[in-house]
Each structure stands twice: as structure tokens, then as C-alpha cells.
Number of protein chains: 2
Amino acid sequence: MAPGRLTAEDLIAGLRCAGLRVTAPRRAVCAVLAAAGRDHLTAADVAARAGAAANLSTVYRTLDALEGLSMVEHVHLGHGAGAYHVGPSAAHHHLVCEVCGRTIDVPIDALQRAIEQVTAPLGFLPDSAHFAIVGRCAECAGA
Amino acid sequence: MAPGRLTAEDLIAGLRCAGLRVTAPRRAVCAVLAAAGRDHLTAADVAARAGAAANLSTVYRTLDALEGLSMVEHVHLGHGAGAYHVGPSAAHHHLVCEVCGRTIDVPIDALQRAIEQVTAPLGFLPDSAHFAIVGRCAECAGA
DNA sequence: CTCTCTGCAAATGCTTTGCAAACTC
DNA sequence: GAGTTTGCAAAGCATTTGCAGAGAG
């Protein structure tokens, strides 16, 4: 298992620790998220993988709760649905190909520095990875 | 009038030039967009300013047509509605405060260079201004 | 036993679409 | 006239919410 990545147990513990109740649907959502690892899942994806264990509404509510605890983040990868993934330390930006829809993760460093250089004089504190950078991937740009 | 900014006539001419028909609702949408200048308007904003001159559906269809001609761009400033503005040369990124919702435009230069540095090795061609950078503005961060 | 959480179904907000009538070229 | 556009209303997503019943602590 990759070091530093949150496990289902970590997520559950976080919920309990925050005084929230640990229920079967929440366990299921946490398990799905942990199993997805670095993948970005939509709420519908999570619900689908959880099967009957969790209703879509409950998935949304649980993701929201986990996000409030900073254990899950959601990003916008395109014009469609938002995507969720574990971690608070998602040290990457998302490049999304507007043609084929593929997502490429890139380390945050260089970008982050450039963004902060621009925003610091304004006093603006960026949460820059929240929205993706759209464009065309190498393959689709070539065509 | 600011130099280089497209006028309503420019937009109309573009439509005609593309073989599309120039109708009253389209004229109204073009006029609203040109009058908005650097402001970002949602489709609903455009429809509201056009009054009875253009139905919301028509506004969407017209914006779509103008976008196809690269005379209008749309950006995503937050979790809500998308926003439209004239120009292909929108040489700025958008910083959106997640607390107060204010939008700050920043020149594209520094950011664009940093983004291209990251994406070039991947062969990825970014259209980086399409999604905003969320965060907190100076005022809201202070509180 | 109390209070939170769940599932369902309905509501919401934004955007798209089908279709007959209106209008441009 | 021929063919594109319009307005309206309805459908389509993603997401949120009200509420009664189920379940956690």
C-alpha cells in the first residue's frame, strides 16, 4: 500500500473522531474511496461501486462530511459532474483533454509557485487545484 | 471605446460572414455582450438584459454560435452558472473568492508561462483560462 | 432512549432539445 | 419559397432537501 494514502479505516476514524456516527453506508463510501486510490470518482461512481450499500443522496452527504473534515477533496474536471478523491494533500493539478476526456495529473510545484506569485500581491489565497486546466492532450492535439 | 474590443457590429458581421442569419434576437444578444465589455455575464444575465428581445433558449444557442466562431468565450467561475464574455483574446485568468464570490482578473503572462512549462513536456496544449482559480480574496481571508 | 442518519421522492438550478410557427435570405 | 431560427415547454443532468422511519451511541 502506498505510504501516506488514507485508508478506509482512517476515514472512518476521522468521522468517529468528529463526533459523526459510523454507519454501514458511510463505511461503504469510505471503502470505495480508499480503494479508488488516486482515481477521481464522481458521486455517481461512488454510489455505483457501493451498490445497494449506499444511496446516491447518502453518498453526497457522506462526501460532503468527509470534505468538511478535509479528508476528501472535490475537483471540477470539465463541464460535467464533479469528482472526488481522498487526501488533503492532493499535490497535483489536473489537465483534462477536452477532446478525449482523459485526465493527467501534474505535480503542483511549478504551477503553485507561479500562481502564488500572481495572487500574493493581491492578498488572494488560492486553492488552485480545485478546477482543472482544460486543453488538448498530445494525441488529440496531433490530429 | 476601448481599442480592440469587439463591438456589436463586429459580432453581427461575424455571424453573417459565417453564413448564419442575422435576426433580431441575435442582434440583441450581440448588443448586450458588446455593452458588457469586460464583464462576465451568465446566460441568464444576457437574457435579462435583452428583455423580451431574446428567449433564454435563444440566448444559449446564440452564445454557442458565437463561441463556435471564437468571438465569445465562456468560463467557469465557480460551482454555479458559467459566464460568457466577448473576445478571443481574453488574456486573463480569473480568481474567484469562494466566500464573497467576487471575481478578480489577472493578466495571463506569468501564469501562462508556468502552465506551459508544465504542459509542454506532455504535449498538452492548455486552454488555461477556461476554469477559474478559487480561493479567498484579501478581505475574506483576513476575517 | 435520544438524536443522527438513511432512503425515497420531489425540488432545484443550469442547460439542452423537440416541434410548430416566424422570419431571413 | 426554402431552410434556418425562434419561443415555448418539456426533458436532462448533477445536486440538494423534506420527511418519516431505521439505526448508532
Side-chain angles (χ1 to χ4, degrees), chain A residues 11-32 40-48 50-69 72-84 96 98 101 130-132, chain B residues 11-32 40-48 50-69 72-84 96 98 101 130-132:
Chain A
L11 296 171
I12 301 276
L15 287 172
R16 198 185 320 263
C17 195
L20 297 173
R21 298 191 173 169
V22 175
T23 63
R26 285 181 174 173
R27 279 179 197 280
V29 170
C30 291
V32 168
H40 309 99
L41 303 181
T42 64
D45 289 336
V46 175
N55 181 276
L56 182 56
S57 306
T58 302
V59 169
Y60 273 109
R61 286 187 276 227
T62 302
L63 289 171
D64 204 49
L66 290 169
E67 199 177 3
L69 300 174
V72 160
E73 288 185 341
H74 86 272
V75 294
H76 293 273
L77 299 178
H79 290 183
Y84 295 78
V96 181
E98 66 193 0
H130 188 65
F131 281 105
Chain B
L11 296 172
I12 301 277
L15 287 172
R16 197 184 321 260
C17 194
L20 297 172
R21 296 188 176 173
V22 176
T23 63
R26 286 181 173 171
R27 279 178 197 281
V29 170
C30 291
V32 168
H40 309 99
L41 303 181
T42 64
D45 289 336
V46 175
N55 181 275
L56 182 56
S57 307
T58 303
V59 168
Y60 273 109
R61 286 187 276 228
T62 303
L63 289 171
D64 204 50
L66 290 169
E67 199 176 3
L69 299 174
V72 160
E73 288 184 341
H74 86 273
V75 294
H76 293 273
L77 299 178
H79 291 183
Y84 295 79
V96 181
E98 64 194 359
H130 187 66
F131 282 105

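Chain A is the first sequence line, chain B the second, and so forth, proteins listed ahead of strands; every chain is numbered from 1.
Between A:L63 atom CG and D:dT15 atom P the separation is 10 Å, expressed in whole Å. Here C:dT15 presents its P atom at 8 Å from NE2 of B:H76, a figure rounded to the nearest Å. For the pair B:R21 CZ and C:dC23 P, the computed distance is 13 Å after rounding to whole Å. We find that CG of B:L41 is positioned 15 Å from P of C:dC14, with the value rounded to whole Å. Whole-Å rounding puts the B:L15 CG to D:dT4 C1' distance at 13 Å.
The side chain of A:Y60 contributes no N or O atom lying less than 4.0 Å from OP1 or OP2 of D:dT16. Between D:dT6 and B:N55, no contact under 4.0 Å exists linking OP1 or OP2 to a side-chain N or O. Residue A:T58 places at least one side-chain N or O under 4.0 Å from the OP1 or OP2 atom of C:dG7. Residue B:R61 has no polar side-chain atom (N or O) positioned under 4.0 Å from OP1 or OP2 of C:dT15. At the phosphate of C:dT24, neither OP1 nor OP2 sits under 4.0 Å from any side-chain N or O atom of B:T23.
Distance CD1/B:I12 to CG/B:L15: 6.0 Å, rounded to 0.5 Å.
Between the base of D:dT17 and the side chain of A:S57 there is a donor-acceptor pair shorter than 3.5 Å.
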